[in-house]
Amino acid sequence: MTDLIKSFKIGGTALSAHRKKLNVIAQNLANVDTTRTEEGGPYRRKMVVYEGRQLEEIPLGLQKAEARENYDDLGFYEMFERERDRGGDQRGVKVTHVVQSQEDFRLVYNPSHPDADPVTGYVAMPNVDHLTEMADMMVARRAYEASVTVMNNTKAMMMKALEIGK
């Protein structure tokens with residue numbers, strides 16, 4: 001049962017990381033035409049950097065009596081939260097930081113734009129490409145769906161294990 005709980009926790013970290021990536025992609029797409037930012041200049045495409053968490057043993061080696069005493073009246077989710085609060089598993093994936101792309105900006109000829117260069121008439125547009133963002137979104141969505149499938153399968157296995165244990 002301990003390994004199933006670990007699997008559930010790892011799947012949860014993946015869901016969180018993929019959700020963050022989807023949010024960053026949405027932010028990129030929302031700013032595809034932003035030519036002025038607080039930092040100055042056009043919006044720069046953002047990218048998510050993942051890191052695998054170190055695999056460590058977790059303190060789930062509870063004695064059966066202690067487990068019964070602490071968890072009999074709790075549902076699975078409450079048990080999961082309690083183990084996390086006890087400093088449990090550190091496995092999985094996390095977003096370490098979000099970096100800005102250093103690719104060059106697109107230059108678009110539009111002399112009537114307020115941010116156009118007065119001499120050449122070109123406007124520096126964000127380095128966000130719709131096709132790249134949509135492809136990244138599809139990959140992130142499929143990875144998110146795969147993590148949901150892992151968690152659903154783990155839940156089904158836990159339910160079967162509980163039925164067998166009756």
Quiz item: Which one of Q100, Q27, E133, Q102 satisfies the side-chain hydrogen bond (donor to acceptor under 3.5 Å, both in side chains) criterion with R45?
Solution: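 Only one of Q100, Q27, E133, Q102 forms a side-chain hydrogen bond (donor to acceptor under 3.5 Å, both in side chains) with R45, namely E133.
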Quiz item: Would L107 and Y109 show up in the same hydrophobic cluster when neighbours are defined by side-chain heavy atoms closer than 4.5 Å?
Solution: yes
Exercise. Report whether M134 and M138 are members of the same hydrophobic cluster (ILVMFWY, side-chain heavy atoms less than 4.5 Å apart, transitive linking).
Key: no
Quiz item: Side chains of N127 and Y43: do they bring a donor and an acceptor to under 3.5 Å?
Solution: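 The answer is no; no qualifying pair exists.
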Exercise. May I ask you to check whether T35 and D33 show a side-chain donor-acceptor distance below 3.5 Å?
Key: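 Looking only at side-chain atoms, D33 and T35 do not form any donor-acceptor pair under 3.5 Å.
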Practice problem: Please lay out, stage by stage, how K46 and N28 fare under the test side chain to side chain contact (heavy atoms under 4.5 Å, CB included). | Solution: CA-CA 7 Å; K46 295 180 181 175; N28 287 342; 3.8 Å; yes
Quiz item: Which distance, rounded to the nearest 0.5 Å, do you find between the NE2 of H130 and the CE of M137?
Solution: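 If I round to the nearest 0.5 Å, the distance is 10.0 Å.
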Self-check item: From D136, L29, V98, residue fulfilling side chain to side chain contact (heavy atoms under 4.5 Å, CB included) relative to V24
Solution: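 One option only clears the test, and that one is V98.
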For [X] against [Y], the heavy-atom pair lying closest together:
X    : Y    : result
A140 : L22  : CB-CD2, 3.7 Å
P126 : P42  : N-CB, 3.9 Å
A14  : S147 : CB-OG, 3.3 Å
T13  : I10  : OG1-O, 2.7 Å
L15  : M151 : CD1-SD, 3.1 Å

Quiz prompt | Within 6.0 angstrom of F105 CZ, more than 12 heavy atoms from elsewhere | solution = yes
Contact check, side chains of [X] and [Y], non-hydrogen atoms, under 4.5 Å:
X    : Y    : result
N31  : V128 : no
P114 : R36  : yes
R106 : V108 : yes
S101 : M47  : yes

Exercise. Please collect all ring pair (Phe, Tyr, Trp, His ring centres under 6.0 Å) contacts where either partner lies in residues 139-165, sequence neighbours excluded, each pair once.
Key: none
Quiz item: Hey, is R44 close enough to E103 for a salt bridge, meaning N to O under 4.0 Å?
Solution: no
Practice problem: Please assess H18 against Y50 for the test side chain to side chain contact (heavy atoms under 4.5 Å, CB included), listing each intermediate value before the final yes or no. | Solution: CA-CA 10 Å; H18 294 309; Y50 295 120; 3.5 Å; yes
Practice problem: Measure from the side-chain N and O atoms of S16 to the backbone N and O of G12, and report whether any donor-acceptor pair falls under 3.5 Å. | Solution: no
Quiz item: Who passes salt bridge (Lys or Arg N to Asp or Glu O under 4.0 Å) against E145, sequence neighbours left out?
Solution: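 E145 satisfies salt bridge (Lys or Arg N to Asp or Glu O under 4.0 Å) with R141 only.
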